[in-house]
Structures are given as C-alpha cells and as structure tokens.
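To start, the structure itself, in structure tokens.
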Amino acid sequence: MVTCYLRYIIDPAKLKEFEHYGKLWIPLVNKFGGQHHGYFLPSEGANNVALALFSFPSLAAYEQYRIQMMDDAECQAAFRYAEEHKCIVSYERIFFRPVMS
C-alpha cells in the first residue's frame with residue numbers, strides 16, 4: 001500500500017472554495033480504486049496550510065489512477081474549479097508506506 005500526502009498552501013480568503021474542491025476529489029479518488037482519508041483544513045495555527053491523504057494498493061495502482069484521471073471529465077472539472085477560483089497557491093506531494101500492525 002502507498003499513501004499520498006498532499007500539503008497545500010491555500011489562499012485563506014478562499015477557504016470555502018478550497019473545501020468545495022476537496023469535496024469534489026474525495027469520491028473521485030475512491031472511483032479509481034483509492035481510499036481517501038479526507039482533507040484537513042486549517043483550524044488553529046497557520047491559516048494557509050491544508051492537507052489531504054489517500055491510499056492506493058500500490059504505486060502502480062496510483063500511477064494508473066493518474067493516467068485515468070487525465071481523461072475523466074469529472075476530474076478535469078475539479079482541476080478547472082481550483083484554477084478558476086485560485087484557492088490553491090502551491091502544493092507538494094509525498095508518498096508514504098503505512099505500517100498498520
């Protein structure tokens with residue numbers, strides 16, 4: 001299993017738009033065989049950092065998701081939403097191998 005950790009720098013004035021963006025992606029990751037663990041929005045401390053975590057059975061499965069999402073109309077609409085609303089300033093993607101037992 002591989003877990004993708006996304007750390008976003010967001011526009012704090014557009015938190016509502018970013019939350020909507022996150023809600024668009026949760027079912028899309030699941031649609032392509034992943035398990036979304038949710039988006040984590042600022043609460044205390046920094047007001048411009050948000051996180052997302054989701055897992056796939058393998059890095060190969062994640063790579064297949066990345067290929068498929070490029071041709072998926074709902075995924076492309078989610079990308080356009082973030083671009084149009086400019087709620088994401090930047091992001092980084094890191095992969096982890098979870099230890100469950």
Side-chain angles (χ1 to χ4, degrees):
M1 177 180 283
V2 65
T3 298
C4 183
Y5 162 94
L6 285 165
R7 181 179 185 268
Y8 294 92
I9 302 301
I10 62 171
D11 181 341
K14 297 185 178 179
L15 182 59
K16 185 174 123 181
E17 289 84 355
F18 181 78
E19 183 172 353
H20 177 77
Y21 171 79
K23 288 179 179 179
L24 293 174
W25 275 105
I26 292 169
L28 293 173
V29 167
N30 296 337
K31 170 182 171 180
F32 289 102
Q35 178 184 1
H36 211 295
H37 306 296
Y39 278 79
F40 301 86
L41 305 179
S43 178
E44 294 292 325
N47 69 349
N48 67 335
V49 176
L51 305 174
L53 292 165
F54 56 89
S55 298
F56 277 87
S58 65
L59 188 55
Y62 169 79
E63 291 170 348
Q64 186 61 38
Y65 149 76
R66 293 282 296 177
I67 291 166
Q68 291 174 322
M69 74 179 204
M70 297 310 284
D71 292 326
D72 184 81
E74 290 177 297
C75 293
Q76 294 309 308
F79 283 130
R80 279 192 306 277
Y81 177 87
E83 201 170 280
E84 290 167 4
H85 289 88
K86 302 199 182 311
C87 53
I88 300 170
V89 175
S90 65
Y91 68 93
E92 65 181 3
R93 182 182 298 123
I94 302 171
F95 296 93
F96 292 93
R97 179 182 51 87
V99 176
M100 305 295 235
S101 59

Under the side-chain hydrogen bond (donor to acceptor under 3.5 Å, both in side chains) rule, what pairs show up with a residue in residues 48-64, not counting sequence neighbours?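 Residue pairs passing side-chain hydrogen bond (donor to acceptor under 3.5 Å, both in side chains), neighbours aside: Thr3-Ser55, His37-Ser55, Tyr62-Arg93.
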
Please list all pairs passing the side-chain hydrogen bond (donor to acceptor under 3.5 Å, both in side chains) test where one or both residues lie in residues 69-80, with sequence neighbours left out. Lys31-Asp72, Lys31-Glu74

Please answer: with hydrophobic residues joined when any side-chain heavy atoms are less than 4.5 Å apart, are [X] and [Y] in the same cluster?
X     : Y     : answer
Tyr21 : Ile9  : no
Ile67 : Phe32 : no
Tyr91 : Phe18 : yes

Partner residues of [X] under the side chain to side chain contact (heavy atoms under 4.5 Å, CB included) criterion, sequence neighbours left out:
X     : value
Leu15 : Ile10, Leu41, Pro42
Ala52 : Leu6, Tyr8, His36, Tyr39
Lys86 : Lys14
Tyr5  : Arg7, Leu51, Leu53, Glu92, Ile94, Phe96

Pairs satisfying salt bridge (Lys or Arg N to Asp or Glu O under 4.0 Å), at least one member in residues 45-55, at least two apart: none

Pairs flagged by salt bridge (Lys or Arg N to Asp or Glu O under 4.0 Å) wherever residues 40-53 is involved - sequence neighbours left out: none

Under the salt bridge (Lys or Arg N to Asp or Glu O under 4.0 Å) test, residues paired with Asp11 that sit two or more places apart: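 Asp11 satisfies salt bridge (Lys or Arg N to Asp or Glu O under 4.0 Å) with no other residue.
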
Quick one: list whatever passes side-chain hydrogen bond (donor to acceptor under 3.5 Å, both in side chains) with Tyr65, sequence neighbours left out.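 Listed in chain order: nothing, the list is empty.
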
Is the ring pair Phe56/Phe54 parallel, tilted or perpendicular, if the boundaries are 30 and 60 degrees?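 The arrangement is perpendicular - the two ring planes meet at more than 60°.
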
Step through the shown structure and confirm whether more than 12 heavy atoms of other residues, nucleotides or ligands are within 6.0 Å of CZ on Phe95.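 Enclosed.
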
For residues Leu24 and Pro27, report the shortest heavy-atom separation together with the two atoms involved. O-CD, 3.5 Å

Atom CD of Glu17 and atom CD of Glu84: how far apart are they, to the nearest 0.5 Å? 12.0 Å

Taking only residues two or more places apart in sequence or in another chain, which ones pass ring-ring contact (aromatic ring centres under 6.0 Å, His included) with Phe79?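 Listed in chain order: Trp25.
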
